[in-house]
Peer 1: 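Have a look at this one.
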Amino acid sequence: MKFGTKAIHAGVEPDPSTGAIMTPIYQTSTYVQRSPGDHKGYEYSRTHNPTRTALQQNLAALENGKHGICFSSGLGAIDAVMKLFRPGDEIISTSDLYGGTYRLFTKVFEPFGIKFHFVPMANMDAIEEKVNSNTKLIWVETPTNPMMNIIDIEAVAKIAKNHGVLLGVDNTFASPFLQNPLDLGADIVMHSVTKYLGGHSDVVMGALIVKDDALAERLVFLQNASGATPGPQDCFLVLRGIKTLHIRMERHSQNGKTIAAYLKNHPKVDKVYWPGFEDHPNHDIAKKQMRDFGGMISFTLVGNRLEDAKKVMENFKLFSLAESLGGVESLCGHPATMTHASIPKEEREKVGLVDSLIRLSVGIEDAEDLKNDLAKALDVI
C-alpha cells in the first residue's frame with residue numbers, strides 16, 4: 001500500500017462484533033478469563049489493550065517496521081530505550097537535541113553510570129572519534145530541535161553497523177510521511193506521537209518502532225514492567241489523527257516553504273533555519289532522505305535581543321505561544337526559555353541556540369494569513 005492508504009487502513013479492521021468501521025475505545029482495565037490463563041489474548045490493560053494494539057500495528061506499518069510499541073509520552077519511550085543499558089555503557093548523541101531528552105540523559109541516567117557524549121553530527125568523524133568498546137547506542141535527531149540540522153541517517157547507520165551498536169532516531173520533526181529511518185538502517189525509531197502523528201494538540205503519547213524481534217521483546221517487557229502506557233481514549237484519538245497525516249504533512253510542508261521564504265527576505269530577521277533552502281548546510285542530504293522539508297522553522301532577529309523576541313511572540317495572533325508542535329494550528333516557542341531551558345546557556349549557544357531564536361510550528365491555515373501575522377508581529381520591533 002502507498003502511504004496515504006496505509007495511514008487510513010493499516011493495522012485496523014472493522015470491529016468483529018458490530019462491524020464498526022472505527023476501532024472501538026476499549027475502556028476497560030481488565031478482561032474476563034474462562035479459566036486461569038485461558039483468555040482471548042488480553043489480561044490487563046497495562047500489558048495489552050485492543051485499541052492500543054490497532055494503533056501499534058498502524059505505526060509499525062507507517063514506518064515500514066514490524067513492531068510498534070506505544071508509551072504515555074515521548075520521554076516515556078526514550079526512557080525505555082535507556083533502560084536497555086547498564087552502568088559503564090556509553091551513548092553518543094547529537095549535540096543539538098530536544099531539551100527534555102538532554103535532561104533525561106544527563107539528570108536521570110548519567111547518575112546511574114551511563115556515559116553520554118554529545119557531538120555535532122554533520123561530520124561523521126566526530127561520531128567515529130567517540131566510539132569505543134563500551135559504546136552501545138548512537139542517538140540521532142533529524143531535523144534537529146530547534147536548529148533544523150540534518151543528519152545523514154544512512155552514514156550514521158554504517159558506523160553503527162561497523163561497530164555493532166544500535167542506532168536510534170527521533171523522527172518526530174519529520175513524521176513517517178517525510179522520512180523512514182528504518183529503511184535507512186536505523187534499529188529504533190522514536191516518535192513523540194503528541195506532535196504530527198496525533199496532529200490536533202489533544203494527546204500526549206510516545207512510540208518506538210523496530211524490525212528486530214528480540215529487540216522488540218526487550219522493549220515490550222520494559223513497556224509493561226515500567227508501566228508508562230497510554231490509555232485507550234488517547235490511542236483512539238491518535239488513530240483518528242493519523243488518517244489525515246499525509247494530507248496534513250503536505251500542507252505543513254507547503255506552508256513551511258512559503259513562511260521560510262518570507263522570513264528569509266525580511267529586514268528584521270537575521271538567520272532562518274529550514275532544510276528546504278538550497279544553501280542549508282545539509283540540504284542535499286535532506287533532499288535524499290526526506291520526501292519534503294516540513295513545517296518546522298527557526299529564525300533569529302537582527303541584534304539578537306531577548307526583549308525583541310519576547311515582543312514579537314507577544315504580538316502574534318495566529319502563531320500561539322505554547323509548548324509543543326505539529327498540530328493543525330500554528331505555534332511559536334522560545335527554546336532558550338521553554339523547551340531547551342534545561343540545557344546550559346553556553347551549551348545552547350555552541351549550536352547556535354541564541355536568545356532571540358524563535359521556533360515556529362507552521363500549521364495548515366491559509367499561508368497569506370500566516371504571513372500577515374508575522375508581518376504585524378515583526379513590525380513592533
Peer 1: Are Val312 and Leu378 close enough that some pair of their side-chain heavy atoms sits under 4.5 Å apart?
Peer 2: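 Yes, their side chains come closer than 4.5 Å.
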
Peer 1: Are the charged groups of Glu347 and Lys350 less than 4.0 angstrom apart, N to O?
Peer 2: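 Here Glu347 pairs with Lys350 in a salt bridge, since their nearest N and O are under 4.0 Å apart.
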
Peer 1: Walk me through it: do Phe319 and Leu370 pass the test side-chain contact (heavy atoms from CB on, under 4.5 Å)?
Peer 2: CA-CA 8 Å; Phe319 284 93; Leu370 296 178; 3.9 Å; yes

Peer 1: Any donor-acceptor pair under 3.5 Å linking the side-chain atoms of Asn149 with those of Glu141?
Peer 2: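 There is no such pair between these side chains.
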
Peer 1: State which residues pass side-chain contact (heavy atoms from CB on, under 4.5 Å) with Lys288; sequence neighbours excluded, sorted by chain then number.
Peer 2: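 In terms of side-chain contact (heavy atoms from CB on, under 4.5 Å), with neighbours along the sequence ignored, Lys288 is linked to Asp152, Glu154.
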
Peer 1: Any cation-pi pair here, Lys264 with Phe277, using under 6.0 Å and within 45°?
Peer 2: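 Yes, Lys264 lies over the aromatic ring of Phe277.
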
Peer 1: Taking it one step at a time, do Asp355 and Arg305 satisfy salt bridge (charged side-chain N to carboxylate O under 4.0 Å, His left out)?
Peer 2: CA-CA 7 Å; Asp355 283 348; Arg305 289 180 291 271; over 6 Å; no

Peer 1: Using distance alone, with no hydrogens and no angle criterion, decide if Asp38 and Gln33 have a side-chain donor and acceptor under 3.5 Å apart.
Peer 2: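 There is no such pair (donor and acceptor under 3.5 Å, judged by atom type) between the side chains of Asp38 and Gln33.
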
Peer 1: Going by an N to O cut-off under 4.0 Å, is there a salt bridge joining Lys161 and Asp187?
Peer 2: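 Counted as a salt bridge, because a side-chain N and a carboxylate O are separated by less than 4.0 Å.
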
Peer 1: Salt bridge or not for Lys115 and Asp89, using N-O below 4.0 Å?
Peer 2: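 The answer is no: the pair does not qualify as a salt bridge.
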
Peer 1: Any side-chain heavy atom of Ile209 within less than 4.5 Å of one from His67?
Peer 2: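 Not touching, per the 4.5 Å side-chain cut-off.
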
Peer 1: For His163, which residues count as a side-chain hydrogen bond (donor to acceptor under 3.5 Å, both in side chains) partner, sequence neighbours excluded?
Peer 2: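 For His163 the side-chain hydrogen bond (donor to acceptor under 3.5 Å, both in side chains) partners, ignoring immediate neighbours, are Glu128.
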
Peer 1: Phe177 and Phe3: aromatic ring centres closer than 6.0 Å?
Peer 2: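 Under 6.0 Å, so yes.
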
Peer 1: Between Tyr196 and His252, is the ring centroid distance below 6.0 Å?
Peer 2: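 For Tyr196 and His252, the ring centres are under 6.0 Å apart.
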
Peer 1: Assert yes or no for the condition that the ring centre distance of His48 to Tyr31 is strictly below 6.0 Å.
Peer 2: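 Ring-ring flag for His48/Tyr31: false, centres at least 6.0 Å apart.
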
